[in-house]
Enquirer: 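Okay, handing you the structure first.
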Amino acid sequence: MDTPALPKLEATSWNPVLEEEIRKIWESENDFVFQPNSNKKRNFVIDTPPPYPSGKPWHPGALTQYSQIDMVARSARMRNFNVLYPVGIDRNGLPVEIATERKYRIQLRKTPRDEFIALCKHALDDIEAYMLELLRRMGISGDFENRYRTDSEDYRKLTQWSFIELWNKGLVYIANRPNNYCTDCGTTIADAEIEYEELPTYLVTIRFKLKEGDEELLVATTRPELLEACQMVVVHPDDDRYKTIVGKDVVVPIFGREVPVVAHKSVDMAFGTGAVMICSYGDYHDVQLFREFRLKEIVAIDIDGKMTQSAGKYAGMVIKDARSQIIQDLQEQKIAVKVEQIQHRTPLCERSHTAIEIIPMEEFYLKQLEFLPKLRKLAKEMVFHPEIHRQILTNWMNSLTTDYPISRRRYYATEIPIWYCSKCSEPHLPKPGRYYRPWRDPAPFKKCKKCGNSKFVGETKTFDTWMDSSISALYVTKRLRNMKFFRATYPATIRTQGKDIVRTWLYYSLLRCYLLTGKTPFKHAWIGGLGQDAQGRAMRKSLGNFVDPEPLLQKYGTDNFRFWGASEANLGYDFRLSEDRIAGAGKFLTKLWNTARFIGSFPEPRSATLTQTDKWILAELNKLTSECIDGYEDFNMFVPSTKIREFLWNIFAAHYIEMVKGRAYGDTNSEADRDAARYTLHRVMRSILLLLAPIVPHVTDYVWRRLYGTTAIHLELFPKATGHKVAPSVTQTLIEFNMRVWKAKRDKGLALKEPIQVDVPRKLNPYLPDLVRMHHITS
RNA sequence: GGGCCCGUGGUCUAGUCUGGCUAUGACGCCGCCCUCACAUGGCGGAAAUCCCCGGUCCGAGUCCGGGCGGGCCCA
């Protein structure tokens with residue numbers, strides 16, 4: 001052991017090409033499959049978001065988040081947990097339907113349902129393969145082998161089971177409420193499917209007579225054809241023009257109904273005359289006020305986009321014609337005092353580009369308002385990382401005013417498992433535990449339980465996609481498939497997700513799982529920030545600032561990307577994606593590699609009698625270790641990545657290694673001192689590799705296997721704190737002293753290996769031998 | 001229109017909850033240096049009215065109030 005062994009690492013930098021080799025080794029070793037309660041370890045269950053195959057390229061910020069979630073999983077393993085880290089793909093919902101309609105130039109309503117579903121499936125499969133490959137390349141240590149899809153029979157079975165349970169508990173009801181409706185596509189659509197455009201329209205100023213007296217109120221509207229459905233006129237409370245009229249009644253022209261004038265701060269005084277008629281339904285403002293004042297709605301437009309019977313002489317006309325006609329009539333009767341053309345922000349269906357109508361539709365609702373107090377209490381018991389993002393959930397719960405509408409008129413989603421009696425319309429729900437498609441399956445009933453009729457009609461509506469997603473915690477813990485497994489793993493340990501879907505995924509999970517199990521679905525909620533572009537704007541394909549992550553991975557390597565993601569994105573805060581900064585983060589990997597290369601050139605003694613210098617760096621390592629573990633326990637990767645970088649670069653390599661280099665090479669003629677240095681170098685190296693392993697798994701595993709063993713680093717546990725303690729100011733004094741000597745040599749034009757005469761502070765006496773050798777200090 | 005978050009060298013960032021010595025670190029930049037792990041490196045250096053105004057305090061990047069600016073979400 002006298003002569004140093006050959007370096008175990010040859011190249012002078014880490015080569016990302018090696019990453020693929022290492023992943024192949026991981027795949028063959030298959031370490032990431034969950035074994036509940038094995039080796040008496042405790043379980044750690046991650047309820048991680050199954051990504052939605054929305055297209056290529058994948059959002060680089062989302063990919064960064066998945067790498068951070070992987071760090072949560074890897075660090076939990078090294079904290080001695082059995083980790084259930086599922087891999088799933090979310091395949092339900094609207095985006096694929098829109099993509100399919102565009103791709104094949106077809107319309108959902110005009111395409112046979114099973115044909116349309118097959119086309120969607122095909123599109124999903126394609127993008128899913130791409131996403132899984134990217135996840136694999138990110139080094140995600142999830143259970144790929146047992147991966148799941150939310151559109152599988154197994155998953156939809158669970159969604160339908162959950163609905164039947166809730167129905168049977170009386171928590172679901174059917175109600176008629178206003179919805180966005182596209183008369184062209186013939187379907188309810190979500191807010192997310194609406195786009196806005198400034199379009200020309202007529203602003204008509206209409207004379208409303210007061211019920212009593214001769215006064216008039218001028219009301220401006222872009223929707224005169226909805227006059228028949230007007231139930232109220234509102235003005236702003238600060239509007240001096242109308243102070244005397246508020247509280248009185250006015251008469252709706254043509255239709256003669258009396259409606260009140262009410263003050264409401266939502267009115268824009270500057271628009272039109274400052275007096276607005278509230279009709280069912282011209283826009284969201286109408287919906288809001290109808291709800292707030294509990295007005296009686298008048299259905300003015302039917303689902304074909306025609307005026308209803310309540311429109312009197314206009315009944316049966318399409319909206320556009322009715323509008324022209326009523327404007328003409330109002331002008332002839334001198335009721336319209338002004339008709340002017342304006343540009344108006346109009347909601348359009350993003351598919352057909354026709355104006356959206358708000359029409360009352362019959363939909364399913366899940367009760368939530370009455371459970372909010374209980375949900376608030378449960379939310380309080382959850383631990384948020386970071387704590388500050390608890391606020392997002394709290395705010396959302398405080399803003400809810402209606403129950404949760406759960407039905408959609410779509411195809412690529414889980415079907416609502418109901419059949420209705422063809423005679424008396426009585427709803428019949430099947431036994432839970434199977435996957436039902438009422439739109440094509442025969443009814444699993446013989447006779448109507450109410451009237452005895454034997455014919456049934458299947459429900460055609462589907463669930464909102466969050467009905468599936470919100471029970472992911474039940475799915476991954478095998479609620480319907482393996483109750484023993486479920487009891488051992490539910491509630492999950494942690495939910496990891498982005499802050500943008502707190503009000504949807506997090507909230508609905510809490511609601512649904514509480515209603516189904518009486519418990520929270522998880523104990524910890526990890527809320528990540530969002531990836532933005534280099535200027536700090538959201539990254540959107542439509543903005544043209546979207547960055548394809550694939551070339552970045554190709555160019556810099558996965559570990560480089562992961563280290564950037566860990567060290568630049570603090571837990572919960574948004575982060576900016578910039579290639580320069582990714583490149584910069586990679587320099588650390590070079591430093592890590594070369595430190596390992598140097599230390600790897602020395603044999604590792606089994607034990608040693610440490611010098612003061614060795615004890616000093618071990619004390620610093622001790623501090624680092626506990627800081628890192630604290631960070632990992634908070635699931636905050638920013639802490640370990642930045643702390644380790646600072647330690648490795650600015651303390652360990654710059655000062656300790658320089659101080660003991662001579663000893664390590666054997667320059668002191670003392671085997672004990674030499675071995676102490678070598679022992680300490682390896683001790684620190686091992687700890688750094690272990691502490692970094694969750695963040696940069698490829699390079700650390702490679703180095704670990706080359707230097708310290710044949711088994712994977714992710715099978716090891718984190719190091720324990722060492723117990724060495726040194727006064728904190730010593731490190732500062734040491735660093736300052738070294739810098740002073742370097743500067744002095746520079747000022748005197750001396751090479752670093754030339755001798756110099758300097759005074760060493762008394763405080764540094766314990767380190768004197770190493771300092772003298774390092775700087776060639778003469779007395 | 002409502003809510004939340006954030007404003008620290010050219011860029012990113014720590015520190016702000018729990019006020020206290022010359023504000024942390026990195027990227028970039030400039031100069032010198034191939035010193036036997038690393039030039040994808042080392043050393044040194046320049047570079048910040050801690051967004052603005054006011055207040056509390058012996059003392060404010062940190063606490064309070066008001067502005068301005070940016071971002072995200074909801075409507």
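Within every chain, numbering begins at 1; the chains are lettered A, B, ... in the order of the sequence lines, protein sequences first and strands thereafter.
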Enquirer: Taking the side chain of A:Glu658 as its heavy atoms from C-beta onward, which of B:rU40, B:rC43, B:rC38 lies nearest to it?
Expert: B:rC38

Enquirer: Report the nucleotide, chosen from B:rG3, B:rG42, B:rC72, that has the shortest atom-to-atom distance to any side-chain atom of A:Lys591.
Expert: B:rG42

Enquirer: Counting side-chain heavy atoms from C-beta on, which of B:rG42, B:rC43, B:rU35 comes nearest to A:Ala654?
Expert: B:rC43

Enquirer: Hey, which sits more toward the 5' end of RNA chain B by its nearest nucleotide, A:Gln391 or A:Ile657?
Expert: A:Gln391

Enquirer: In the structure shown, which nucleotide is the Watson-Crick or G-U wobble counterpart of B:rA26, with both distances under 3.5 Å?
Expert: B:rU11

Enquirer: Determine, using ring centers only, whether A:His655 and A:Trp742 are less than 6.0 Å apart.
Expert: yes

Enquirer: Report the distance from atom CH2 of A:Trp593 to atom P of B:rC38, rounded to the nearest whole Å.
Expert: 14 Å

Enquirer: Starting at atom CZ of A:Phe602, determine the distance to atom P of B:rC38, rounded to an integer number of angstrom.
Expert: 12 Å

Enquirer: Counting primed atoms plus P, OP1 and OP2 as sugar-phosphate and everything else as base, spell out the protein contacts along nucleotides 13-28 of chain B at 4.0 Å heavy-atom distance: B, S or - for each nucleotide, 5' to 3'.
Expert: SS---------SSBSS

Enquirer: Could you tell me the separation between the CD1 atom of A:Ile358 and the P atom of B:rA75, rounded to a whole number of Å?
Expert: 12 Å

Enquirer: Report the residue from A:Phe598, A:Tyr708, A:Phe602 that forms a ring-ring contact (aromatic ring centres under 6.0 Å, His included) with A:His682.
Expert: A:Tyr708

Enquirer: For A:Ala653, which contact category applies under a 4.0 Å heavy-atom criterion: base, sugar-phosphate, or nothing?
Expert: base

Enquirer: Using whole Å, what does the distance between atom P of nucleotide B:rC73 and atom CE of A:Met397 come to?
Expert: 21 Å

Enquirer: Using the side-chain contact (heavy atoms from CB on, under 4.5 Å) rule, pick out the option among A:Arg503, A:Arg376, A:Gln368 that qualifies with A:Met397.
Expert: A:Arg376

Enquirer: How close or far is atom C1' of B:rC36 from atom CZ of A:Phe598, stated in whole angstroms?
Expert: 9 Å

Enquirer: We want to know whether A:Asn395 and A:Gln391 form a side-chain donor-acceptor pair, criterion being a heavy-atom distance below 3.5 angstrom.
Expert: yes

Enquirer: Provide, to the nearest angstrom, the distance between the NZ atom belonging to A:Lys753 and the P atom belonging to B:rC43.
Expert: 18 Å

Enquirer: Between A:Ala751 and A:Lys743, just flag the one whose closest nucleotide in RNA chain B comes earlier from the 5' side.
Expert: A:Ala751

Enquirer: Are the side chain of A:Trp505 and the backbone N or O of A:Ser469 linked by a donor-acceptor pair below 3.5 Å?
Expert: yes

